[in-house]
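Here is the naming used below: chain letters follow the sequence lines, and residue numbers restart at 1 for every chain. Treat the numbers as computed from the prediction; the structure is a model and nothing was measured.
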Amino acid sequence: MSSKIRVRFAPSPTGYLHVGGARTALFNWLYARRHGGTFVLRIEDTDAARNTEQAMQAIFDGMRWLGLDWDEGPEVGGDCGPYYQSQRGAIYERHAQKLIDTGKAYTDDAGALRFRLPRLPLTFDDLVCGHMEIDRSKSQSRDGSPEADMTIRRADGGWIFHFVNVVDDIEMAITHVVRGEDHLSNTPKHIELFAALGAPPPAYAHIPLILNKDGSKMSKRDQGAAVGSYIDGGYAPEAVVNYIALLGWSPKDDSEKLSIEELTARFDFAGVNRKGAHFDLEKCNWLNAQYLMHMPMERYVALARPWIAKAGITADDAALTPVLALVKEKAKFLTELPEWIGFFFTEDYPFLPDAEEKLRKPGALDRLAQLADAYREIAAWDAAALEAKLKELATTHAVKAAEFVHPARTAVSGKTVGPSLYHMLEVLGRERVLSRMARAQSTFAP
RNA sequence: GACCCUAUCGUCCAGUGGCCUAGGACAUCGCCCUUUCACGGCGAGAACACGGGUUCGAAUCCCGUUAGGGUCGCCA
């Protein structure tokens, strides 16, 4: 039996969790879950000056929101800890000493520790990019001189990314390094480091970068770049996971909507593209609406809860569920919910200008009164009966149904747009419908 | 500058030599459904970067050009 797969996501807490990072984490997670491996979270906080507590929290929050749980790492522990590089100094010291003892590293004039690059031709097989052959002797610095020996420890004692990254991958027994393509060109150096440290290199899978829709590099400021913007924007996490999975990976058939279980079952590196993916928020939004529209009611209520509470609406599940069911396929984002359902939970709902206009139209109040009279007497208070009665009334008075529909809708909701009228009336109940109609009549009477 | 990766509709993908007069999805534009707004249905426009090869045959293979991206840090 082959040794157990161990992958890791190694973010640096210097900003917000970026969608690119989230996707790297997702691909690692998917690969681990698919093959029964271990997913490690390691915080690469060697640059004390740039790390922030806030960024660290954003990483944890973002990953948890996306459902990417880690088997080893901060807050969960594990056998290879600590999982913060800032706490692993002794380990790095030990490996650096090994390099110094074997003449593979030396201290330069400025006091920094440098790794003597072998600069030999080298090959490796990337799970995504294929067979790579690199002539290291050809590598040059920007000024045309041969590539300088890599610094592994600063003069001030701070450790450098490439070195600690490799040391930790050895110490944590990482078998597959899945990371952004920006590291493809760094991989030869990393392999040289593995060799110098006497460890076999892991398998590599370099996944394409995520660019803006216009092809420019996606920066933190760009819309949709920060995972936090989805949390705050009222997205369903499963939709965001689905969307970013499709950025650079394809199930090879025309499936678009894939649950995290399906993603786990179908993910492999053969399906990962080599071309940089352009980020399209519109499609992400569409997918989000699809998820919102089709998810089970219980899940919908759970996701909606925080937004409802934030708007000051207090209602138990029994009261909330039928109301949310009315707008589930209408709202594109959870953030819109309070606006859609607010009038269900207060008698003091506002009348929007266009709604008011409809109620002030000549005859509108008369229709409202006629409808209220008919509804007061109706036997069964359900959508079908309500609709039949309204249409019957329209026929009796020889007018279009719209003559009754608009006054009714605006009177009970204060808006011109909303859920299906009859279902909305059914949920509101006879008592509230009649009192709202009466109130509208007195409010808008000339 | 050196080295590396990439190149199909505006965007995400399918396509691994003949099934391609290139398929799906988002977006756009029509029409239908609906007397709200959405959803949904039907349809339209929209692409193989360019130039050479290889082959009976190329979106698919090779070379070059161009373009985009990446790496070459005492950032990660």
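- For B/rG64 and B/rU54, the C1' atoms lie 15 Å apart once the distance is rounded to whole Å.
- If you check every strand for non-hydrogen atoms under 4.0 Å, A/Arg409 touches a base.
- For A/Lys400 and B/rU36, the NZ to C1' distance is 14 Å, given to the nearest whole Å.
- Nucleotides B/rA49 and B/rC12 place their P atoms 14 Å apart, quoted to the nearest Å.
- When heavy atoms are screened at a 4.0 angstrom cut-off, A/Asn186 is found touching base atoms of the nucleic acid.
- Searching all strands for a Watson-Crick or G-U wobble partner of B/rC42 with both distances below 3.5 Å returns B/rG30.
- With distances taken from any side-chain atom of A/Arg50 to the nucleotides B/rU71, B/rC4, B/rC75, the minimum falls on B/rC75.
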Can you give me the N/O atom pairs linking the protein to nucleotides 38-45 of chain B at distances under 3.5 Å, or say none if there are none?
from   : atom 1 : to       : atom 2 : distance (Å)
B/rA38 : O3'    : A/Lys332 : NZ     : 3.3
B/rC39 : OP1    : A/Lys332 : NZ     : 3.3
B/rG40 : OP1    : A/Gln290 : NE2    : 3.2

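- Counting any heavy atom pair closer than 4.0 Å across all strands shown, A/His183 reaches a base atom.
- Note: NZ (A/Lys189) to C1' (B/rC4) measures 12 Å, nearest angstrom.
- Atom pair A/Asp169:CG and B/rA76:P shows a separation of 15 Å (rounding to whole Å applied).
- In this structure, A/Lys391 reaches the sugar-phosphate backbone alone: every heavy-atom distance under 4.0 Å involves primed, P, OP1 or OP2 atoms, never a base.
- Protein atom CG of A/Leu113 is 16 Å distant from nucleotide atom P of B/rG73, rounded to whole Å.
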Would you tabulate the pairs of protein nitrogen or oxygen atoms and nucleotide nitrogen or oxygen atoms of nucleotides 1-3 of chain B closer than 3.5 angstrom?
from  : atom 1 : to       : atom 2 : distance (Å)
B/rG1 : N2     : A/Ser141 : O      : 2.8
B/rA2 : O4'    : A/Gln140 : OE1    : 3.1
B/rA2 : O2'    : A/Lys138 : O      : 2.9

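- Every residue two or more places apart in sequence or in another chain that forms a side-chain hydrogen bond (donor to acceptor under 3.5 Å, both in side chains) with A/Tyr31 is listed here: A/His176.
- B/rU65: Watson-Crick or G-U partner is B/rA49, with both key distances under 3.5 Å.
- Considering only residues two or more places apart in sequence or on other chains, A/Arg153 meets the salt bridge (charged side-chain N to carboxylate O under 4.0 Å, His left out) condition with A/Glu93.
- In the displayed structure, A/Lys400 atom NZ is contacted under 6.0 Å by at most 12 heavy atoms of other residues, nucleotides or ligands.
- The side chain of A/Arg114 lies closest to B/rC74 when the candidates are B/rC74, B/rC37, B/rC5.
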Could you list, one pair per line, each protein nitrogen or oxygen that sits under 3.5 Å from a nitrogen or oxygen of nucleotides 8-13 of chain B, together with the distance?
from   : atom 1 : to       : atom 2 : distance (Å)
B/rU8  : OP2    : A/Lys275 : NZ     : 2.4
B/rC12 : OP1    : A/His278 : N      : 2.9
B/rC12 : O2'    : A/Leu246 : O      : 3.3
B/rC12 : O2     : A/Lys283 : NZ     : 3.4
B/rC13 : OP1    : A/Leu246 : O      : 3.4
B/rC13 : OP1    : A/Gly248 : N      : 2.5
B/rC13 : O3'    : A/Ser250 : OG     : 3.4
B/rC13 : O2'    : A/Ser250 : OG     : 3.1

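- Under the 4.0 Å criterion applied to side-chain N and carboxylate O atoms, A/Glu44 and A/Arg42 are assigned as salt-bridge partners.
- Separating the P atom of B/rU35 from that of B/rG30 is a span of 22 Å, rounded to the nearest Å.
- Look at the C1' atom in both B/rG52 and B/rA27: the space between them is 37 Å, to the nearest Å.
- Taking the charged nitrogens against the carboxylate oxygens, A/Arg119 and A/Glu147 have no contact shorter than 4.0 Å, which rules out a salt bridge.
- Base pairing annotation: B/rG1 forms a Watson-Crick or G-U wobble pair with B/rC72, both donor-acceptor distances under 3.5 Å.
- With salt bridges taken as basic N to acidic carboxylate O contacts below 4.0 Å, one links A/Glu256 and A/Lys283.
- Separating the C1' atom of B/rC75 from that of B/rG70 is a span of 16 Å, rounded to the nearest Å.
- Rounded to an integer number of Å, the gap from CZ of A/Arg179 to C1' of B/rG70 is 13 Å.
- The side chain of A/Arg154 places an N or O atom within less than 4.0 Å of a non-bridging phosphate oxygen (OP1 or OP2) of B/rA76.
- A cation-pi arrangement is absent between A/Lys104 and A/Phe115 under the rule of less than 6.0 angstrom and at most 45 degrees off the ring axis.
- Distance, A/Phe404 CZ to B/rU36 P: 16 Å, rounded to whole Å.
- Donor-acceptor pairing under 3.5 Å is lacking for the side chains of A/Asn28 and A/Arg23.
- Taking the C1' atom of each, B/rC19 and B/rA14 are spaced 14 Å apart, rounded to whole Å.
- Look at A/Thr46 and you'll find a side-chain N or O under 4.0 angstrom from OP1 or OP2 of B/rA76.
- Ionic pairing of A/Arg299 and A/Glu238 is present here: one or more N-O contacts between side-chain nitrogen and carboxylate oxygen are shorter than 4.0 angstrom.
- In this structure, A/Arg360 is not positioned above the aromatic face of A/Phe444 in the sense of NZ or CZ being under 6.0 Å from the six-membered ring centre and within 45° of the axis.
- Ring-plane geometry between A/Tyr235 and A/Tyr230 is classed as perpendicular, the angle between the planes exceeding 60 degrees on a 0 to 90 degree scale with a lower cut at 30.
- The distance between atom CG of A/Asp126 and atom C1' of B/rU6, rounded to the nearest whole Å, is 14 Å.
- Base pairing of B/rG23 is made with B/rC13, judged by Watson-Crick or G-U wobble geometry with both donor-acceptor distances under 3.5 Å.
- Along RNA chain B, the nucleotide nearest to A/Val405 and the one nearest to A/Asp109 differ in position, and the one closer to the 5' end is contacted by A/Val405.
- A salt bridge between A/Glu357 and A/Lys361 is absent, with no side-chain N of the basic residue lying under 4.0 Å from a carboxylate O of the acidic one.
- Residue contacts shown for A/Ala289 are absent, as no nucleic acid heavy atom lies under 4.0 Å away.
- Here the separation of B/rG15 from B/rC72, taken at their P atoms, is 33 Å to the nearest Å.
- Atom name C1', nucleotides B/rC48 and B/rU8: the rounded distance is 4 Å, in whole Å.
- Under the 90° criterion around 0 for the glycosidic angle, B/rC32 counts as anti.
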Next on the checklist: Under the criterion side chain to side chain donor-acceptor pair (under 3.5 Å), I'd like the reasoning laid out for A/Tyr92 against A/Asp168: C-alpha separation, chi angles, the key distance, then a yes or no.
Outcome noted: CA-CA 9 Å; A/Tyr92 305 139; A/Asp168 283 345; 2.6 Å; yes

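- Judged by Watson-Crick or G-U wobble contacts below 3.5 Å, the nucleotide B/rG18 has B/rC56 as its partner.
- Of the candidates B/rG73, B/rC4, B/rC72, the closest approach to any side-chain atom of A/Ala148 belongs to B/rG73.
- B/rU36 is unpaired under the Watson-Crick or G-U wobble criterion, no partner having all donor-acceptor distances under 3.5 Å.
- Contacts of A/Arg114 classified as salt bridge (charged side-chain N to carboxylate O under 4.0 Å, His left out), with partners at least two apart in sequence or in another chain: A/Asp108.
- Side-chain atoms of A/Asp182 lie closest to B/rG70 of the nucleotides B/rA27, B/rU36, B/rG70.
- Atom CG of A/Leu352 is separated from atom P of B/rU36 by 18 Å (rounded to the nearest Å).
- Among the atoms of the strands shown, none is found under 4.0 Å from any heavy atom of A/Pro11.
- Taking 4.0 Å as the cut-off between side-chain N and carboxylate O, A/Glu72 and A/Arg6 count as a salt-bridged pair.
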